[in-house]
Each structure stands twice: as structure tokens, then as C-alpha cells.
Amino acid sequence: MAEDILSEIKKDYVLSKLRDEERIDGRKFEDFRKLEIKTSIIEKAEGSALVRLGNTQVVVGIKMQIGEPFPDTPEKGLIIVNAELVPLASPTFEPGPPDENSVELARVVDRGIRESEAVDLSKLCIEIGKKVWIIFVDIHALDDDGNLLDASAIASICALLNTKVPASRFGVGEDYELPIMDLPVSVTSLIVGDKFLIDPTRDEMSVGEKTLTITVDKNDNIVAIQKSGGYLLSESLFEEVIDASIRAARKIREEIIKYCSKIC
Amino acid sequence: MAEDILSEIKKDYVLSKLRDEERIDGRKFEDFRKLEIKTSIIEKAEGSALVRLGNTQVVVGIKMQIGEPFPDTPEKGLIIVNAELVPLASPTFEPGPPDENSVELARVVDRGIRESEAVDLSKLCIEIGKKVWIIFVDIHALDDDGNLLDASAIASICALLNTKVPASRFGVGEDYELPIMDLPVSVTSLIVGDKFLIDPTRDEMSVGEKTLTITVDKNDNIVAIQKSGGYLLSESLFEEVIDASIRAARKIREEIIKYCSKIC
Amino acid sequence: MAEDILSEIKKDYVLSKLRDEERIDGRKFEDFRKLEIKTSIIEKAEGSALVRLGNTQVVVGIKMQIGEPFPDTPEKGLIIVNAELVPLASPTFEPGPPDENSVELARVVDRGIRESEAVDLSKLCIEIGKKVWIIFVDIHALDDDGNLLDASAIASICALLNTKVPASRFGVGEDYELPIMDLPVSVTSLIVGDKFLIDPTRDEMSVGEKTLTITVDKNDNIVAIQKSGGYLLSESLFEEVIDASIRAARKIREEIIKYCSKIC
Amino acid sequence: MFKPEKLIFDGKRIDGRTLDQLRPIKIEVDFLKRADGSCYLEMGKNRVVAAVYGPREAYPRHIQDPTKAVIRYRYNMAPFSVEERKRPGPDRRSVEISKVSKEAFEAVIMKELFPRSVIDIFVEVLQADAGSRTACINAASVALVDAGIPMKGMLTSVAVAKVDGVLVLDPMKEEDNFGEADIPFAFLIRGDRIESIALLQMDGRMTKEEIKEAIKLAKKGAMEIYQMQREAIMKKFLEEGENG
Amino acid sequence: MFKPEKLIFDGKRIDGRTLDQLRPIKIEVDFLKRADGSCYLEMGKNRVVAAVYGPREAYPRHIQDPTKAVIRYRYNMAPFSVEERKRPGPDRRSVEISKVSKEAFEAVIMKELFPRSVIDIFVEVLQADAGSRTACINAASVALVDAGIPMKGMLTSVAVAKVDGVLVLDPMKEEDNFGEADIPFAFLIRGDRIESIALLQMDGRMTKEEIKEAIKLAKKGAMEIYQMQREAIMKKFLEEGENG
Amino acid sequence: MFKPEKLIFDGKRIDGRTLDQLRPIKIEVDFLKRADGSCYLEMGKNRVVAAVYGPREAYPRHIQDPTKAVIRYRYNMAPFSVEERKRPGPDRRSVEISKVSKEAFEAVIMKELFPRSVIDIFVEVLQADAGSRTACINAASVALVDAGIPMKGMLTSVAVAKVDGVLVLDPMKEEDNFGEADIPFAFLIRGDRIESIALLQMDGRMTKEEIKEAIKLAKKGAMEIYQMQREAIMKKFLEEGENG
């Protein structure tokens, strides 16, 4: 009950600020929170990244194995994206097999990587039709202060950028860097009436779980969209969100590149 | 609660009619409801049938794969019967793994097909001891207005009659019709005191879930029996039910043959 | 509720007896209950034993299969210990996958066998790196009157002593006796304040589920320890329990050897 | 499935349709007796059945919402609905489709009228071609009308794909597999007018201009489907009038 | 297992029994301390243990029936009970056997005496030969008497098989595997008389005349088993009298 | 992993440590915002995160204890935490570790202060080397202090192994894999004094004299870890003081 009242108060506060064209943490409507990236944090993984988006924290680890390709793409490797929303990250997450929210999160992240062709899968073939590399992208949420999805997408691409193919350990040649061809960025907006807030915090989400995620590639193409939550979206607002998402994605991509150039 | 009262009223009505030697839908005690068969309704399946028994509706689809035979029958194909009582078909069905009712339904249908040797499994061997055809008979209930079991058994044998072995798609020769050697028919009776009603409707089942299923082959042999429900059955009633089931099975078998000769 | 009161009364009785340095069934603090062993009770198993410890009863059956060795021990067989605490054995056990108690039981029994090197796994290799024997030790609890763990451990080693490797059935040579090199004995004590009772009954366990299990090999070495239950253990009591466990283990081992020499 | 050299040839698609043409649609209302509302629908090779149960008391109690009805949506594929037999039970794809479809209906059902209740929407895919999620939503929408559940309007769903560089309406399997992008939409249609978007997903690669074009094309297709949904419902009510 | 050339030779079966002869049976009542009633039973190579718990309050509450006790029956095979190790947990066969066995007991237990309660019957198959379901029912029936659960009579179970064209009582593994048909029965026996059939299944191929013959043969076998069930129970009560 | 010829050489271990030396430890308190208390901890290559939620109302109700709080402990390994990717979800090892760790905390948390409540302790292993269970307990203990849960003292955990015939403190992977025995301990430390043992397991082969020696060595290591736990907590409180 106390929980409900608190949430009601937060909601009123968020909405009253919105009427003054403000966000509760002072950000502009189209701004992401502060982004911090740390890679190579798990030595036992082929690649890894810890991403902080404000107080939201996600770790992604990459493991690779050798397996069979799909029959219709005999010369391509595979990517499998999996998300565990462990109860450590939020009192609303429950232990057990992935629920609809973690499935959706993993699948939207997966689509961004896959459709932007971020990883050159043709460089992951060992023996055509028989042996290819399988990339496991495991998303491990640590702290949910809102917008786990974008944090997970950023952490996933950063972890992939950080990945070395462990060829020598498997006795199939020398290790090499995973060939990354694009930097897809997912941008999630909270829809509030005819307005939208990019990168919503958990407090902001108290006004209603109505989001729209637009994933943008390095050429400003859209590579994935996901409307999530039971609400109606107007065509004009949809177009506004696309434009803003393209702008926001560019900034995030710059931050990722800046981080990478610093550590490489 | 309203549910319970309604069920109580139905029960009284069924019983009062029974005292006048009548059924609530005017049928004779030994009559099936109107049977409608439609085959080839799923092009992507190797065989398929939609069966309507009154308002009860079941779809069966047949898929075939190549697999290993059992070690003790190295030259025979396999049949696997599976039933999904999806919640679309009845408010009492629940999503999730098969419960005892769907397991029983699938196993009784399976026994009818298997014990009548309806499918000539020796014609399903590709390479002795290594490769045989596996037939998946998937029963998908759509509408449960009583006696899903007999409807499923009829739909299964009709779908098998409709099946082409997809040899060319698997690169092991030319397609051929599945060799069907018998037409087993399962006949389910509702036991009410010392009487029995063949092919009970859901409304009739409100007097108590006490059924006896007799599956009969084309030579009037019994190939499967299943007493289902917590009740005591007298020897004499059992013998009466067998005789009536043999008669009813003949009629249903004729209807199946009539339908098949029309479409072939 | 009645259950709770009964348990409260039992607890008071156990404690009052303890103040007089007595156990409710008259045993000494360091004595096991009467042990009965019966082997070869399941002809279809490679080895089997029924063990009664007072009223506690456990059956263990051994089945063997041929499988692949672990990559790092290519010339050694495998042991897999599994426990089913079926609801037949106690009203507190529930059907379904193993819970934390049956997992713990199986793992502690496993450690006793494994760490004492009771089975000479190097005699279970058929083809180095390819084919080795896998031993399934299946613990099936029948009656839980306390201390299922020690009863299971005794039944497991007795069943192993009773096991013939079924080489001829698998066409890989002649049957031979499983080479047993040690007789580990697990000794479980109930901790009550600064005292401890070896081989507690279910009634004694009503004072609190606080146990310490010490598994001892034939040379009085300790091969496994498990503190179980939410309590604090003093260092001095721990050392006392070790000494008493070594003494108790010797007696149980003698009984096992006596039984075996009688039947062999 | 082999990739054809070209999917569009001379302005026509490999099944002979023009770029903005729907596949044939067949709708049968009140297909099931047991359910409170139901619909059988074919869209190309898709064959789906939808059933609605409710509003009924939500059980177990802790799922009840004292302010509105809980909507549940279960998209399920029959094992024989696809080329390679599918193992029974939900996979990740079904879980996601069920979620976004549920949310689309949450946005249009007047759920505040039925506090503490649950409305169950079950859709079974008997045969799947591309677009089974859109076919299911169209069937479910009709089944809800058949069940008498009040909605803000009709929910109508259709996808647009980008194939060989051009946009096509209502893609079938080959276009979905080998196309460059796919956007399924569901629109709320009220008073014969498309009001807003209730379901929206996309995967592939498109410019923002193409997305705007796609919306236009989707709206055209949705209006046609909407007319067929209306007709099927009308027909059923007229029949009932005759028989009743 | 290889198929023997003939299963019946000179009127004798491969284990030396005549056609209407049961396998050796051993019954031990009150085998377990923890359960409210229990029984260990051997029938040929079958070794089974049955335990009864209850009547006790049904939990969770929503399974309670205000008019009678709920009966639960769990047939479970130990992993080592069969030639090839069985993975723990219920398979489809166990689920079906549990269901029909439960229903047989529902028909004979006076469950109206215990509203809102549950009576749990657990049977564990330590070694399975043909007929483990009948052995389990016989053991469970004795365990219910041991637990003092009121029943309309004794439930006694036996199977009849058709082998090499003739009917045999209480088939063992080879007869079950290579025979032409198998019918497990369970009868309600009251006042030393078989009153009715509580469990009945069949698979194989039989004429209706053969089925009638099978009933006769099964009844003969059931009466013999019933006497052994009675004796075992008597023996236990006498022992208790002596010790008490 | 190949077995090195010798694990101890000239009194030094293969990572250069002396026999009684701990691996480097790093502790960060209040690492997470959402949890009521949290801690990030490194011990050698182990990287673990602990979070505490509660005390909060236990749900579902039937798990409530009217006399005290229920403690839950979930030890979970990230799929990428080990050499070969681990399938998500609990395995038997995790279940056992969770159980004994839970029991250690049950013995030190003043759970009688919070009847009907639940206190959840979640630990995630991001990277596992030998001793992840001890690292998790050390982190969880700090997270409990951070959450303000009253305890009888600090819980501090460390293992001792027998390697090449001698005892070593805080074994790393190679020593764990190829050593002769391993004993993880957790101690209750109050007033800078080790009072008693809250967690104790062992596998391997040791004489009782060696076990006594192992306790001594473990206590030495635990006191050092305890100091680091204290310092980390102190540092956080001082920072809060400065900022607040």
C-alpha cells in the first residue's frame, strides 16, 4: 500500500514538472543520463562490458563456442542473445526462467545487432556447413533504475567490440578480433500524452509503462522498432520520436567511439 | 457458483429425460452426433483433417521426420501421438505441459492406431536399423462440446489416410501414400446407472464423468478399452457396451469410407 | 496446529531426558540405532541394498551404462549419485524435481564415495577417452524416521559392494565385481547446545534441525564434512564430534564387513 | 527455401500480386461454440482461430486489478503449422508476440468497465505463413466483437515489407525471409477512420522516409481488411436475425 | 529381449506355470512406520511398496471438496526398477496409470465421510515386471485397510493376456511383450464375492467372446489374490493383538 | 587445465603467495541503488555482487513465520563467469551452496526482530575462481550491514586447502582442482574475536590433526578479511557523513 502511495506521489511530481516542460532530474527531454562504460571486466569471457546509465547498471559477457551453422547459411556464424533479469537488480524481478520482459529485452537487443549487421558473421566460419562460431551474448542486469533496454544494448555492442575470437584455445588457428561493422544504438522514449522523454528513469516510468524503442545504425537508418506497453500512438508523435532518436543515437555512438579509441 | 447451479440444472434435465428413455438432443442412445470430415486443410502438413462431431471440433496434423528405429524393431517406422488441449477449446483447459486428461486422450488414440496395425510400419523403413520414418500425429482440440476422444481418434485416422510420405523433400525417393491397413474407430459411452449413452455431449457429461471407450477394428475385433472416471462397472453392462460399440463403430467407419471415396 | 503442539511436547521430552544425560530410546549418545542390511534385492539392478536404521529405510539401486569420460580424466569411469525423497517416505516430502534437501543428501553421499576413492574408477575404462562405465547410484528413500543421510550412505556403499559390472550384457567382455577400495561411513550428529547425539531419530530432530555430518574412511581420515542447519558451532564441540564420529564409523564399518563376509 | 533471384518482376510479386495488394482473406465469425466469441480467419496461407473467454472473475485472486479487467493473450502455434514440426509449448518468439499483441488490445478494450475480471484471448495458428501475428490480431478483434466486449474501435493489423528496394503490402513467406525489412502494424479504426497505432514493431533496415511511406501503405491495407472484418460481423448478425 | 519361438508349450508357460496360474505373491502389511498405512508386495519379479497418508486437511485450499475427500494416487518407478535406467520423474505412462488407478480407488473409498480432506496413496515400484500397475493396486488396497480408511470392499487387481492365441492369467514380461493382447482389471470384492469392475483397460486384439473369457479368468485370479490380501491383513491384526 | 608438476615450490605457491597469504581483496559498499544494501567484492579473480532486500512482508503468506523473519539466499552464476559457458539457472551445486550459505546467515541475523518478514540475499557471481562461495558470503555480510539488518556480528568466510601435503589459505583454482582437500569456513566475529563457526563443509582427505591446523589457519585469514570488511564499511559511512 505504502508502495502504491509513493508511486502515486512520484507520478504526480513527474507530471507537474512535465507541465513546466521539465524533467525531475533536470535533463532535457532528449538527453540520455550520464553514460559510463568499462570493458574487459571479466577475464574468463571472450569479451565483456559494464555499462552504467545513471544508476542503471548492466554487465554483458560474451562467450564463444564452436557449433553447426543453420542449413540455409552454411558459411555464417551465429549470435544468441540471452537476458537474465536476476532479482538482485530489482525487487520486481523473480528467479526462474525468462519472463516476457526479459524475452522482449533480449529479442530487441538481438534485432539491433542482427539487422544492422554489426558483426560480420561471414568471418566466423571455420568449415563451411560444419563448424562455425556461436557467439553467446549474455545480458546480466545488476541495477534497474529504468531503461535497462538501452543500457543492455550499449553494453552488448561494447562487449562485442571488446571480444577476441578464442581460436587458439579451440585449436583452430590464432585469436582474432571480432569484426564489428556497425554500432547500432537503441533509443527508448517514454510516451507521456503527446510528449516523450528519452532514456526514462524508474521514477519517470511511474507515469505508465509506455515506451517506444528506435534502434539506429551508423548511417541513421532505422534497424529496429518496438512499441512496448498498452497505449495508442499517434502517427505524428511516432515521426517526432524517430527524428529525436536519430539525434540521440548519434551522441551515444560518439561516446562509445570516444571510449573505444581511448582504450584501444 | 452460478456455474455450479447451471450444471446442477443440466444434470437434472438430462436425468429426467433419461427416465423417459430420451436424450436431450433427441438422439437415440446408440447414435453418434452428426459427423463432418474435412481433409487436406493444412498444406504444410503431410496430412491433416478437421473433424466436427456435433459442435466438438478437432484438427489433426501429421508431420513426418527421419529418425532412428527402436533397436528391437530395426525395420519399422514409429508413430508418436501427442495431444494439446489448448485453452481455446474449453475454459477448463489450462496452458502448460499435458495434464492427465490430454495424456490419456493421446495414449488411447495411440493404442487404437497401434493395436489395429492401421499403419503398415514396415513400409516406413529407409535403411534397416538406421533410418526410418517417424510419424507425428498432433491432435489439436478446437472446441470441446463433449467426447473429444472419439473426435480425435476419427480425425487422426482421417489425417493418416490423407498423408503422403514426403520422401522427395527429404531426398530419399518419391513421395508415396501412407499405407493404411485398418480403420479403427473408438466409441465412447457415458455410463449413467445401468444405462449408457454413446458419444455424450458436454451437457450430458454433467451427470458425471464416467465413460467407457471401446475401440473396434474393421473386423469387429476390440483393439483398445479404457474405463475412465471413478465408478463401478457391472460385467453385464460392460458386455452390452461392447456390442453397441461394435455396431456404432461400423456406422462411423462407413461414413469415413464414404467421405474418402468421395474425395479420392 | 495439533502437529505443532505434538512437536512441542516431543521437544520438551527430548530436552528433559537430555538433562538427565539420557536419550528417549535409551541409546547412548554415541550409538547408532540397530542396523539391518539386505543386498541383491533388485535383480534388474547391477547392485542393490535395502538398509534399515531403526525405522528409517532406504533402498539404493545401482545401474551402469557406457558413456564418454570427462576430457580431463579420459581413463576413468564416472559416478552419478541421485536421491529421490519420494512423498511415500514422509508427509513433508513433495513430488517433483529434487529440492535443496535431496540435493544436499545426494551430494554429501557422493563426496564420501568420491573422496575416499571407494570405487577404483580406473578399472572402469573400456576405451581410453571414448568409452567408460557410468555408475548411477540411485537413492530411494522409503521411510524417514530420522537420519536418512547416514542410512543412504550405508545403503550406497553396500549396493556398490554388491555390484557386478554388466560387461557381457553390453558386449564388452565378461562381468566382473566392481572394485571397492574403501568403506566410507558417514556419521551424523544432532547438535543440542553443547551436546551431540549420533544418529538422531525424527523425534529427536524436533529439538531443531542442527546437524553435523562427518564421513570417515577406513584409515580414520576425514573425507567429508557437512554442517547443516542454521546454528553456530563452537570449535571445541566440533573437535569432540570428530573424535566420536571416528569411533562410531569404525563400529558401522565392522557391521558392514560382517554382513558382507556372511553373504559372500 | 531457396532465394528467388528477384522477388519483384515487372511491378508484380512472385504470387502475382501488385505491390499494394493484400493476400486473399476469409473470415468466419462465431466459429466455436464453447468460447464467448470466436473467429476463424485465413490470410493467404495463414489459418488461425481466435477465441475469447470473459469477462470472468480473475483467478487466482492476486492477479485481480480492482480498477480494470486484466487482458491475457496467448499466441500458440500448432506443431504441424510450419514446415519443420514445432515442439509444443511457447518459445521466445511466441512469448514476445503474445506480449505486444496483448498490449495492443489493452489499449483498445474498455477494460475499466470490468474491474477484478480477466478477458482471455486465445489464438491458435493452424498454419503459419508470414504475417501470422497480424492474422491473429485481426481474428481476435472480430472474436472480441463477437463476444460483445466493448472496444474503442476495431483493431486491424497488417504488415509492410521492403523487398528488392521497394515497399510491399502484406508480405508472404518468401518476401519475409528474403526481404530487407518488415513492419507489422495494428491500427485502431473508429468511425471508418484510422485513429492511431496500437502495435508497432520493425526489423530490417529502412530510412525514416521509407517508414513514413510504409505507414501510408499499411493504412491503405488496414482499411481494406477493416471492411472485411465489418462485413463478416454484419453477415453473422444478419444471419442471427434471420434465425432468431 | 529376444522373442522365444513359442510362449506356450504343452499347456505350460515359459516359467512353468499353467495358463490359469498366478505368479508367487508375497504381502507384508505395515511395512513403513511413517505412513498411516503401508504394504510391501511381490508379485513375480514385481516389488512394490504402497503408503497411505490421510485423511488429512487438503492443501492448498482450492483443491478441497466440501462434500468429500479428494483421492490422489501417485505411481512412481525407481530409476533402477527396469532394465535400462529410467530417468526420475513421471512419464506419460506413469501419468496414465496414476489416473486410472486413482479412479478405481475413488469408486471404492467411502470418500463422503471425509469432506475437505485428502487421502494420498503413493506407490513406488522398486522392480517392475509385467503387471506393476496391478501389483501396486493390490498393495495400495491393503495399505488403505492398514490405514483404517473405510472402503466398500477390497480392490483386487490382475491382468489377463492373450498369448500364442490362448488366454493366460497374470502375464509376466515375455508374455506382455510378445503377446497379442493384455487386459488389466481391478475388481471390487465384497463379502467374498466379486461385485463389479473398478479398473479396466485393454490393448491388443481380441474378439468380444475372448473378452468374456478373459473376465472369467481374471475373476478366478482375483479371488485367489483377494484371499492372500485378507490373510496378510489378518496376520498383522493377530500379531498386533499378541503384542498389544 | 593442466596439472602443474608441483603446486608448492620453495614455500611459495604458483601465484607467488606464501602458504598463509590471502589473495588480493577489494570491497565496494553500496554498489547498487535499487537494493536496500549491496556490495561488490573481488577476491583474486572472483568478482561477485551481493544485494539485500528487506525486511519486507513475506509473500505468499504461507511462507511467513509468525515468530521470525524468513531468510532466503540465492547464489547464482552468470553464464559467462566460467571457462565454458554455463547454462542459465540453478544447478545442483548452486542449490547446495545457497542452502548452506542461507543457514550460516540464519545463525547470525537477529531474525526474531522481524516476524512475518522475509530478508532476501541475492549474490551474483560475475567471475568465478575457486572460493566463490566464500567471496559471496563476505560480500553478503557487508551488504547486510549496508542494509542495516541487525546481526550478532560479522560473518566472514575463507577456505583452507591441502595441497602437496601442506595446508594453504584461500586456495585459487589450480590448488582447488589438484589439491587433496578443501574446507570452506564461515565464522561469526564479534568484538574483534572469532566466536564460532557458522558454515563448515569439507571434501578431500585429512587427518583430524590437519583439520585442527586448518581451523587455525582459517581463523588467521578470516581476521584479515574481517578488517577489510570493517574498513570498507567505515569508509562508506565516513563518505556519507561528508556528503550528508
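The sequence lines fix the lettering, A, B, ..., with proteins before strands; numbering per chain opens at 1.
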Given that the side chain runs from C-beta out, which part of [X] has a heavy atom under 4.5 Å from chain E: side chain, backbone, both or neither?
{"X": "B/N219", "answer": "neither"}
{"X": "B/L212", "answer": "side chain"}
{"X": "B/T213", "answer": "neither"}
{"X": "B/V103", "answer": "side chain"}
{"X": "B/N82", "answer": "both"}
{"X": "B/L237", "answer": "neither"}
{"X": "B/I242", "answer": "side chain"}

Which one, [options], leads in non-hydrogen pairs under 4.5 Å with chain B?
{"options": "E/E103, E/K102, E/E106, E/R93", "answer": "E/E103"}
{"options": "E/I211, E/I183, E/V108, E/I194", "answer": "E/I211"}
{"options": "E/A181, E/S196, E/A104", "answer": "E/S196"}

Quiz item: E/K111 pairs by side-chain contact (heavy atoms from CB on, under 4.5 Å) with which of E/I71, E/V118, E/I149?
Solution: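 Answer after filtering E/I71, E/V118, E/I149: E/I71.
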Quiz item: Who wins among B/V216, B/D220, B/V108, B/D217 for the most heavy-atom pairs under 4.5 Å with chain E?
Solution: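 Max contact count across the listed options: B/D217.
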Quiz prompt | Closest-packed option against chain E by number of heavy-atom pairs under 4.5 Å, given B/E117, B/R107, B/E104 | solution =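 Option with the greatest count: B/R107.
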Does [X] use its side chain to pair, donor to acceptor, with the backbone of [Y] at less than 3.5 Å?
{"X": "B/R114", "Y": "B/I79", "value": "yes"}
{"X": "E/Y226", "Y": "E/L155", "value": "no"}
{"X": "E/D65", "Y": "E/A69", "value": "no"}
{"X": "E/K86", "Y": "E/G89", "value": "yes"}
{"X": "E/Q229", "Y": "E/N138", "value": "yes"}
{"X": "E/S141", "Y": "E/I137", "value": "no"}

Quiz item: Do any of residues 157-168 of chain E come closer than 4.5 Å to chain B, heavy atom to heavy atom, and if so which ones, in number order?
Solution: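 Under the 4.5 Å heavy-atom cut-off, nothing qualifies.
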Self-check item: Residues of residues 197-207 of chain E with any heavy atom under 4.5 Å of a heavy atom in chain B
Solution: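 Those residues of residues 197-207 of chain E which have a heavy atom under 4.5 Å from chain B are E/I197, E/A198, E/L199, E/L200, E/Q201, E/M202, E/D203, E/G204, E/R205, E/M206, E/T207.
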Distance in Å, [X] [atom1] paired with [Y] [atom2], rounded so as to fall on 0.5 Å steps:
{"X": "E/K219", "Y": "E/L217", "atom1": "NZ", "atom2": "CG", "value": "12.0 Å"}
{"X": "B/N147", "Y": "B/F32", "atom1": "CG", "atom2": "CZ", "value": "6.0 Å"}
{"X": "E/K212", "Y": "B/F238", "atom1": "NZ", "atom2": "CZ", "value": "10.0 Å"}

Quiz item: Is it true that E/F105 and E/Y73 have ring centroids separated by less than 6.0 Å?
Solution: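 Yes.
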Quiz item: Is B/R247 salt-bridged to B/E30, going by a charged N under 4.0 Å from an acidic O?
Solution: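 Yes, B/R247 and B/E30 are salt-bridged.
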Exercise. Among E/K220, E/K216, E/R13, find the one that has a salt bridge (charged side-chain N to carboxylate O under 4.0 Å, His left out) with E/D20.
Key: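 The residue from E/K220, E/K216, E/R13 that satisfies salt bridge (charged side-chain N to carboxylate O under 4.0 Å, His left out) with E/D20 turns out to be E/K220.
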Exercise. In sequence, state the C-alpha distance, the side-chain angles, and the governing distance for B/Q226 and E/E96, and then conclude on side-chain hydrogen bond (donor to acceptor under 3.5 Å, both in side chains).
Key: CA-CA 11 Å; B/Q226 186 86 341; E/E96 189 196 358; 2.8 Å; yes
Quiz item: How about E/D91 and E/S94: does a side-chain donor come under 3.5 Å of a side-chain acceptor?
Solution: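 Yes, a side-chain donor-acceptor pair sits under 3.5 Å.
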